[in-house]
Amino acid sequence: MLIKNLYIENSEHTSDIRVTDGKIEKIGEDLIPLDGEQVCDYAGKLALAPFIESHIHLDTCLTAGEPVWNMSGTLFEGIECWAKRKDMLTRQDVRSRVSRALRRMAGKGVQYVRTHVDVTDPDLTAMRELIELREEYKDVMTIQIVAFPQEGILSFPNGKALLEASVKMGADAVGAIPHFEFTREYSVESLNYACELAVKYDLLVDVHCDEIDDEASRGLETLAARALETGLKNRVTASHTTAMHSYNNAYVARLMRLIKMSGINFVSNPLVNTHLQGRMDTYPKRRGVTRVKELTQAGVNVSFGHDDMFDPWYPLGAGGMRDVVFMGLHVCQMMGYEDIINSYRFICQNAAKTLNLGDGYGIREGNDANFIVLDAKNWYDCLNNDAVVLGSYRKGKLISRGEPSKTEVNFA
Ligand code: 17E
Ligand code: FE2
């Protein structure tokens, strides 16, 4: 198949992509169709590597208001609401919500997802179902599962054993939640334990790290130190790190050295943490989003995640990554031309690094023919106009298709 006239990653010139046996065989200008070759001409549209959702909770998605709404808008009330919903979980309930969420995401150009799954559940219901769904969806969606101890590793009954059981069941990554543990000692011990498990079972690590406005919440330094010392390094991700917003600058200057040495990745969730953080402030109210601009300038890998889709922590969300980037650029004040035109990286290449996807991700000859075509010429226009995903290709197969949105204005 020959897919013609694409502006690949903001290129000034259009190129054509020849797909053979699900792989990108050739990329070039004005490729001539072979005898009998199927041709699809996009007549000058943007092509990007597929979007990557580097941080979401699929097990909790589409549960807002069940059985109660989060009235305060805090993380902690969200955890209480979820604990009530968690008691009602069944395998079928998880399957039905996750399937709906994945379909929405696929329509918005997402093909890779890292989901956190709450394992502070004696039955591990969601974990069991997600492991099955990961396999069932693998041809259309690459799913990574983080065993996420929502109510703590040392502060939840049997927390350590539940985490290890989830790892044995087949999680891809080990999680932790140091700012939710009862004490600072537990917080340090929980991070040590998560890294030990990752080393023992050869897994990735992704920690909900310091998701609080407390400037004294310093899980990040422990996580970065363990990443360095164990050699896990870029296999480790610090998600949220919202306390970093409130750290003093002298401390951040010291911490930055360790962060760089450790090679860890960061995931910021700008929509959700703009909503959840600063809730105990009067005025001025902190934004509570981590220091994306400064980390990026220091050469540290940062990706953006949505975090939630209509659940106890976030009452909105339709599965797309555009709003995440849009909010991220605003709240982090990264609104220069270069910032905007290159910002797809937060949900493409940077997220691929977070997920440790390797060289197989990206529009390159020899790679699987995984890419998306958007109804715009470049990412700046795409972001600004919330362009439709015209096609999402996975190993050369069109797994979702969209029509350009159309509005007529009736005046001269
Ligand atoms: N759980 C948590 O601890 N933090 C979050 N932002 C979400 C779930 C969504
Ligand atoms: Fe999260």
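Counting starts at 1 for both ligands and their atoms, following the listed order.
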Residue-ligand contact H116/ligand 1, heavy atom below 4.0 Å =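 It does not; every heavy atom stays at 4.0 Å or beyond.
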[atom]: nearest protein contact (heavy atom, Å):
atom                   : result
atom 4 (N) of ligand 1 : E211 OE1, 2.7 Å
atom 3 (O) of ligand 1 : Q150 NE2, 3.0 Å
atom 9 (C) of ligand 1 : D308 OD1, 2.7 Å

Carboxylate-amine/guanidinium contact R235 D202, below 4.0 Å |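 Counted as a salt bridge, because a side-chain N and a carboxylate O are separated by less than 4.0 Å.
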Out of F148, W82, W313, whose heavy atom is nearest to atom 8 (C) of ligand 1?
->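 Closest candidate by heavy-atom distance is W313.
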If the Fe ion (ligand 2) is the vertex, what is the angle to NE2 of H240 and NE2 of H55, rounded to 10 degrees?
->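 If I round to 10°, I get 90°.
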Is it the case that [X] and [Y] place a side-chain donor and acceptor less than 3.5 Å from each other?
X    : Y    : answer
H55  : D307 : yes
S54  : T354 : no
S239 : D206 : yes

Return yes when at least one N/O/S atom of H57 is nearer than 2.8 Å to the Fe ion (ligand 2), and no when none is.
->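 Checking the Fe ion (ligand 2) against H57, an N, O or S atom does fall under 2.8 Å.
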Go through the steps to decide whether K45 and D375 satisfy the test salt bridge (Lys or Arg N to Asp or Glu O under 4.0 Å), and finish with yes or no.
-> CA-CA 6 Å; K45 298 293 179 190; D375 188 21; 2.8 Å; yes
Just heavy atoms, cut-off under 4.0 Å: does I177 contact ligand 1 by side chain, backbone, both, or neither?
->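 Side chain only.
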Give the contacting part of N273 toward ligand 1: side chain, backbone, both or neither, where contact means a heavy-atom distance below 4.0 Å.
->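 Near ligand 1, N273 shows nothing, with every heavy atom at 4.0 Å or more.
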Find the distance between CG (L130) and CZ (R128) and round it off to the nearest 0.5 Å.
->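 Separation between the atoms: 12.5 Å.
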Looking only at N/O atoms, are H57 and ligand 1 under 3.5 Å apart anywhere?
->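 For ligand 1, there is no N or O atom that lies under 3.5 Å from one belonging to H57.
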So is there a nitrogen or oxygen of D307 less than 3.5 Å from a nitrogen or oxygen in ligand 1?
->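 Yes - when backbone and side-chain N and O of D307 are compared with those of ligand 1, one distance drops under 3.5 Å.
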Relative to the Fe ion (ligand 2), which of the N, O or S atoms in D307 is the closest?
->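 That would be atom OD1.
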Short list, please: which atoms of ligand 1 are under 4.0 Å from a heavy atom of L75?
->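 Listed by number with element: 2 (C), 3 (O), 4 (N), 5 (C).
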With heavy atoms of H240 as the reference, note each atom of ligand 1 found under 4.0 Å away.
->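 Listed by number with element, the hits are 6 (N).
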Hey, mind stepping through R104 and L62 against side-chain contact (heavy atoms from CB on, under 4.5 Å) and telling me if it holds?
-> CA-CA 12 Å; R104 286 189 194 180; L62 306 173; 3.7 Å; yes
What are the two closest non-hydrogen atoms of H245 and R291, and how far apart are they?
->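 Smallest interatomic distance, heavy atoms only, reads O-NH2, 3.8 Å.
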Heavy-atom closest pair, residues A49 and G362 |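 Answer, listing the atom of A49 first, then G362: CB-CA, 4.1 Å.
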